[in-house]
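Only heavy atoms go into these numbers, but all of them, side chains included; no hydrogens, no water, no symmetry mates. Labels below follow one simple rule: chain letters A, B, ... track the order of the sequence lines, proteins then strands, and each chain is numbered from 1.
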Amino acid sequence: MLAGSPSDAPPTTLVLTLPDGSTREVPFGTFPREVVATIGARLLQASIAVAVDGDVQDLMTPLRKSGAFVVLTDKDPRALAVMRHSAAHILATAVRRLRPDAHIGFGPAIDDGFYYDFEVAQPFTPDDLDAFEAEMRKVIAEKYPFVREEVSLSEARKRFVDDPLKLERLDDFEGSDEVISTYTDGPFIDLCRGPHVQDSSYLRHFKLLSAAGAYWRGDEKRQMLQRIYATAYFKKEDLDARLQQLEEAKKRDHRVLGKQLDLFQLFPVSPGGVFWTPKGTIVYNTLEAFVRERQHEMFREIKTPLLYTKKLWEQSGHWGKYRENMFLVLDKETGEHDMSLKPMNCPSHHLYYASQRHSYRELPIRYVTFDVLHRNELSGALSGLTRVRQFAQDDCHVYLREDQIADEVQLLMNFILSYYDTFGLTARLKFATRPAERIGSDELWDRAEAALRAALESTGRAYELKEGDGAFYGPKIDFDVTDSIGRAWQLGTIQLDYNAPERFDLQYTGEDNAAHRPVVIHRAVSGSFERFIAILIEHFAGAFPVWLSPEQVRVLPIAPDYNEHAEAFVRRLKAAGIRAHLDARNETLNYRVREGEMQKVPYMCVIGRREAEENTVALRVRGTGKKQEILSTDAFFDRVVDEVRTRALTPMADATSDVSEATA
RNA sequence: GCUGACGUAGCUCAGCUGGCAGAGCAGCUGAUUUGUAAUCAGCAGGUCGUGGGUUCGAAUCCCACCGUCAGCUCCA
């Protein structure tokens with residue numbers, strides 16, 4: 001490379017290659033600011049940071065290597081994180097001015113903004129946030145340059161003598177040769193490796209969003225800091241768009257829509273338990289039937305008990321690793337809480353597998369169970385349908401030979417992804433490896449991770465690596481589904497398990513007539529029906545495709561004269577299994593149409609004199625307003641029956657419906 | 001569980017510094033007989049989350065508990 005000698009001595013001259021192909025030779029340690037200034041003064045003003053050989057650094061960090069030299073302006077996506085990180089410092093600057101007692105933690109940029117953690121005696125209030133925001137605008141107006149200094153460990157300790165959290169962080173540098181740097185903007189100094197924008201005026205469009213507690217260093221045994229979340233953008237339109245997206249998310253919130261559409265209820269007497277209303281139960285059962293239908297061929301559904309003695313959980317390892325999350329039940333004969341509601345189906349499937357002899361020819365064997373599971377989640381973790389204490393998974397365990405892993409993973413992945421396709425959902429794959437808290441030897445983990453990874457890679461799909469995020473018994477592939485406003489949720493999972501077969505002494509008889517150990521794969525598609533329905537509600541903004549809609553067709557006679565005709569049509573639809581309802585209430589058509597739209601009924605058939613005479617319906621498709629279609633009752637009937645049969649995504653949700661506003 | 005905010009009619013929300021609990025929608029009754037997002041009128045509806053305390057007097061102030069929410073931790 002141009003960087004020169006392979007010796008340890010740093011090169012004295014660096015060679016920078018600009019995007020136009022020209023090169024600059026500069027002394028080692030030159031500031032990028034000086035290089036950019038020679039290119040152009042306007043560019044210097046516009047530059048947020050630079051990338052040297054692909055690594056982003058700021059303009060005040062000395063250049064230490066040669067390579068491609070790219071100036072990052074606000075057009076470059078990498079510049080946004082730099083600006084947001086600086087915004088975090090500006091926030092801290094403002095907080096320190098108004099609350100000099102605040103000790104500072106960390107303040108990074110995150111995916112959609114930034115945060116900063118403070119240790120304060122009095123937690124922040126919404127009024128405080130307003131005050132901080134106003135103070136930040138002053139800091140911005142003062143245009144403080146971000147000044148970088150590289151200091152020794154002992155010097156750093158002196159500078160942060162009043163900041164215990166920073167001192168603790170500095171302990172990590174003991175014995176390391178990493179450069180310790182500080183950044184100062186006006187009155188505020190922070191231990192930080194950067195990069196930063198040139199001065200505080202580069203922060204323009206931002207908003208403080210919320211304040212909440214967060215454990216120091218993410219450790220629940222440590223003190224709780226106060227974290228302020230915020231976001232910032234280069235352009236006002238981007239900030240406005242983000243804030244509007246947050247508003248839209250609120251309207252689509254499954255808890256809000258669940259109430260408006262009467263899908264489910266939560267009662268204080270069952271925290272984390274869900275009451276499914278008649279309409280919600282239809283959605284739930286329809287989904288379950290769908291999974292069941294798709295699994296019909298290769299999977300064997302079984303039902304197993306909900307309650308087991310601790311002996312089973314000791315064998316499975318849950319008693320040691322998962323007991324805190326289990327609902328323990330008093331056995332009145334022993335006087336102990338040594339029974340438990342099952343938090344997972346795995347052990348019961350293993351028990352059943354082990355109860356029979358299996359030939360290598362039978363494998364893979366797939367058991368599926370939709371039973372209710374109970375997990376005693378922390379009260380503060382509960383949230384709507386996405387985090388509950390009682391739920392059901394479409395839970396499958398596959399027993400297979402090691403040589404079948406790749407094929408099986410491929411099969412399960414296709415199953416899961418095509419299931420999501422039905423709903424127009426796309427998944428991001430994540431590969432999660434051994435966690436700190438785990439069972440099984442490292443050797444087993446090595447094999448499991450290698451096997452699952454190989455199977456995943458053989459599919460050729462992109463995935464993200466999540467170190468240490470696996471289940472306590474094995475590595476896994478998680479399927480994160482992104483809803484229509486870009487939020488990710490973990491739903492499906494494929495987990496490879498070499499541990500359970502050992503613990504449950506699972507066997508099959510091989511070709512050699514000897515006993516062999518099968519491997520277990522845990523699989524869920526929906527994640528849980530509860531969470532999946534929450535995602536569907538938000539994804540469709542409550543406007544389910546016709547096959548999933550609790551009410552598929554609403555028939556509206558214009559006047560009592562046509563009630564009989566309308567009723568006959570409803571009967572015909574119902575006989576074909578269509579969820580059709582007659583709305584012949586003594587209300588205006590406008591009133592009834594409005595209500596049908598608000599309830600997001602996919603199809604409303606209006607029947608008046610013309611329709612009754614000509615045997616047609618005036619069809620109003622959800623979300624399309626006055627654009628009615630006149631078609632024969634037969635044509636409509638066929639259309640609906642066909643859409644239900646094919647599980648079509650029609651009628652497409654008009655997500656921008658402003659109805660929720662009108663009801664507020 | 002931890003930090004903070006919140007809890008008023010079935011729903012959405014008013015009710016400022018303590019002084020007789022309100023609106024809209026939904027519901028009920030009646031009139032109206034409706035051609036694609038709210039016809040009109042009347043009626044009814046609340047231990048102000050629960051339990052304590054302060055006060056002549058508490059939806060309002062204080063404490064505890066329960067629940068919900070935003071996060072943290074954990075997680076399908």
Side-chain angles (χ1 to χ4, degrees), chain A residues 115 117 120 122-126 128 209-229 253 255-256 259-260 262 265-272 322 324-325 343-344 373 375-389 391-395 437 469 471 478-479 489-493 522 524-532 534-535 556-563 584-598 604-611 618-621 623-628 657-660 662-664:
Chain A
Y115 68 77
D117 285 343
V120 283
Q122 286 301 314
F124 302 132
T125 65
D128 288 331
L209 297 172
S210 62
Y215 297 110
W216 168 232
R217 302 202 129 178
D219 184 345
E220 61 183 323
K221 292 182 187 70
R222 304 296 303 269
Q223 71 267 45
M224 187 155 262
L225 310 181
Q226 293 300 313
R227 174 173 298 175
I228 296 177
Y229 280 98
D253 189 316
R255 292 163 301 195
V256 174
K259 208 171 258 178
Q260 278 172 15
D262 190 25
Q265 286 187 50
L266 304 172
F267 292 96
V269 290
S270 179
Y322 205 73
E324 284 184 0
N325 281 306
M344 300 175 185
L373 304 175
R375 297 185 188 174
N376 200 351
E377 302 291 349
L378 293 175
S379 58
L382 300 177
S383 178
L385 294 180
T386 51
R387 201 71 189 281
V388 289
R389 286 191 174 138
F391 60 98
Q393 299 183 308
D394 40 12
D395 203 2
E437 279 275 294
D469 220 20
D478 282 331
F479 294 75
W489 305 82
Q490 198 214 308
L491 299 179
T493 185
H522 307 245
V525 183
S526 301
S528 72
F529 287 106
E530 283 75 7
R531 180 174 289 181
F532 195 72
I535 275 84
L556 312 180
I558 283 178
D561 286 352
Y562 318 110
N563 283 1
R585 287 177 302 168
N586 177 19
E587 299 287 353
T588 61
L589 184 64
N590 273 327
Y591 181 91
R592 287 177 288 156
V593 164
R594 178 168 190 271
E595 218 167 67
E597 284 285 354
M598 289 201 302
M604 275 184 279
C605 293
V606 175
I607 294 182
R609 184 179 53 78
R610 292 196 295 273
E611 290 75 21
L619 178 65
R620 181 179 170 119
V621 180
T624 58
K626 274 188 193 168
K627 280 182 291 178
Q628 55 173 330
S657 161
D658 58 351
V659 167
S660 47
T663 51

Distance check, [atom1] atoms only: [N] and [M], in whole angstrom units.
{"N": "A38(B)", "M": "A26(B)", "atom1": "P", "value": "12 Å"}
{"N": "C16(B)", "M": "A21(B)", "atom1": "C1'", "value": "16 Å"}
{"N": "U73(B)", "M": "G52(B)", "atom1": "C1'", "value": "33 Å"}
{"N": "C48(B)", "M": "C75(B)", "atom1": "C1'", "value": "36 Å"}
{"N": "C62(B)", "M": "G18(B)", "atom1": "C1'", "value": "13 Å"}
{"N": "U50(B)", "M": "G10(B)", "atom1": "P", "value": "13 Å"}
{"N": "U60(B)", "M": "G53(B)", "atom1": "P", "value": "14 Å"}
{"N": "G35(B)", "M": "C40(B)", "atom1": "P", "value": "15 Å"}

Please work out if [X] contacts a base, only the sugar-phosphate, or nothing of the nucleic acid, heavy-atom cut-off 4.0 Å.
{"X": "Val388(A)", "value": "base"}
{"X": "Arg620(A)", "value": "base"}
{"X": "Glu587(A)", "value": "base"}
{"X": "Gly218(A)", "value": "sugar-phosphate"}
{"X": "Gln490(A)", "value": "sugar-phosphate"}
{"X": "Ala524(A)", "value": "nothing"}
{"X": "Gln265(A)", "value": "nothing"}
{"X": "Leu491(A)", "value": "sugar-phosphate"}
{"X": "Gly492(A)", "value": "nothing"}

Side chain [X] and base [N] donor-acceptor under 3.5 Å:
{"X": "Ser528(A)", "N": "A76(B)", "value": "yes"}
{"X": "Tyr215(A)", "N": "G1(B)", "value": "yes"}
{"X": "Arg387(A)", "N": "C74(B)", "value": "yes"}

Spacing of [X] atom [atom1] relative to [N] atom [atom2], expressed in whole Å:
{"X": "Leu385(A)", "N": "C69(B)", "atom1": "CG", "atom2": "P", "result": "10 Å"}
{"X": "Tyr115(A)", "N": "A70(B)", "atom1": "OH", "atom2": "C1'", "result": "16 Å"}
{"X": "Leu382(A)", "N": "C69(B)", "atom1": "CG", "atom2": "P", "result": "8 Å"}
{"X": "Arg375(A)", "N": "U73(B)", "atom1": "CZ", "atom2": "P", "result": "19 Å"}
{"X": "Met598(A)", "N": "U36(B)", "atom1": "CE", "atom2": "P", "result": "18 Å"}
{"X": "Arg585(A)", "N": "A31(B)", "atom1": "CZ", "atom2": "P", "result": "18 Å"}
{"X": "Tyr591(A)", "N": "U39(B)", "atom1": "OH", "atom2": "C1'", "result": "11 Å"}
{"X": "Arg389(A)", "N": "C75(B)", "atom1": "CZ", "atom2": "C1'", "result": "13 Å"}

Legend entry - Distance-only polar pair, side chains of Arg227(A) and Tyr229(A), donor-acceptor under 3.5 Å: yes
Side-chain N or O of [X] less than 4.0 angstrom from OP1 or OP2 on [N]?
{"X": "Thr588(A)", "N": "U39(B)", "answer": "yes"}
{"X": "Ser210(A)", "N": "G71(B)", "answer": "no"}
{"X": "Arg255(A)", "N": "A70(B)", "answer": "yes"}
{"X": "Tyr229(A)", "N": "C72(B)", "answer": "yes"}

Quick check: do [X] and [Y] have side-chain heavy atoms less than 4.5 Å from each other?
{"X": "Gln628(A)", "Y": "Cys605(A)", "answer": "no"}
{"X": "Leu382(A)", "Y": "Pro271(A)", "answer": "yes"}
{"X": "Pro557(A)", "Y": "Asn563(A)", "answer": "yes"}
{"X": "Met344(A)", "Y": "Gln393(A)", "answer": "no"}

Legend entry - Glu611(A) side chain to Gly608(A) backbone, donor-acceptor under 3.5 Å: yes
Proximal nucleotide (of [options]) relative to the [X] side chain:
{"X": "Asn590(A)", "options": "U39(B), U34(B), G1(B)", "answer": "U39(B)"}
{"X": "Ile558(A)", "options": "C75(B), U39(B), U34(B)", "answer": "U34(B)"}
{"X": "Pro560(A)", "options": "C74(B), U36(B), U33(B)", "answer": "U33(B)"}
{"X": "Gln628(A)", "options": "G27(B), U36(B), C74(B)", "answer": "U36(B)"}
{"X": "Glu377(A)", "options": "C69(B), C75(B), A38(B)", "answer": "C75(B)"}

Dump every N/O contact between nucleotides 3-6 of chain B and the protein below 3.5 Å, one line per pair.
residue: U3(B); atom: O2'; partner: Gln226(A); partner atom: NE2; Å: 2.8
residue: U3(B); atom: O2; partner: Gly213(A); partner atom: N; Å: 3.3

Legend entry - Contiguous pairing runs of three or more, Watson-Crick or G-U under 3.5 Å, that involve RNA chain B: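 The stems are B:1-7 with B:66-72, B:10-13 with B:22-25, B:27-31 with B:39-43, B:49-53 with B:61-65.
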Inset, instruction - Determine, answering yes or no, if Phe391(A) is stacked on A76(B) under the 5.5 Å centre rule and the 30° plane rule. - result: yes
Inset, instruction - Please name the pair of heavy atoms, one in Arg222(A) and one in Tyr215(A), separated by the smallest distance, quoted to 0.1 Å. - result: O-CD2, 3.7 Å
Legend entry - Closest contact, heavy atoms only, Met604(A) versus Leu556(A):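 Of all heavy-atom pairs spanning Met604(A) and Leu556(A), the closest is SD-CD1, 3.9 Å.
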Inset, instruction - Only counting residues at least two apart or in another chain, list the ones meeting side-chain contact (heavy atoms from CB on, under 4.5 Å) with Val388(A). - result: Val274(A), Phe391(A), Glu530(A)
Legend entry - NZ/NE/NH1/NH2 to OD/OE distance under 4.0 Å, Asp219(A) and Arg217(A): no
Taking N or O atoms only and anything under 3.5 Å, show me the protein contacts with nucleotides 62-66 of chain B, one pair per line.
none

Protein-nucleic acid N or O pairs under 3.5 Å, nucleotides 44-49 of chain B:
none

Give me the distances for all protein-to-nucleotides 9-11 of chain B N/O pairs that come in under 3.5 Å?
none

Legend entry - Given RNA chain B, 5'-ward residue of the pair Val269(A) and Glu611(A), judged by closest heavy atom: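 In this pair, the answer is Glu611(A).
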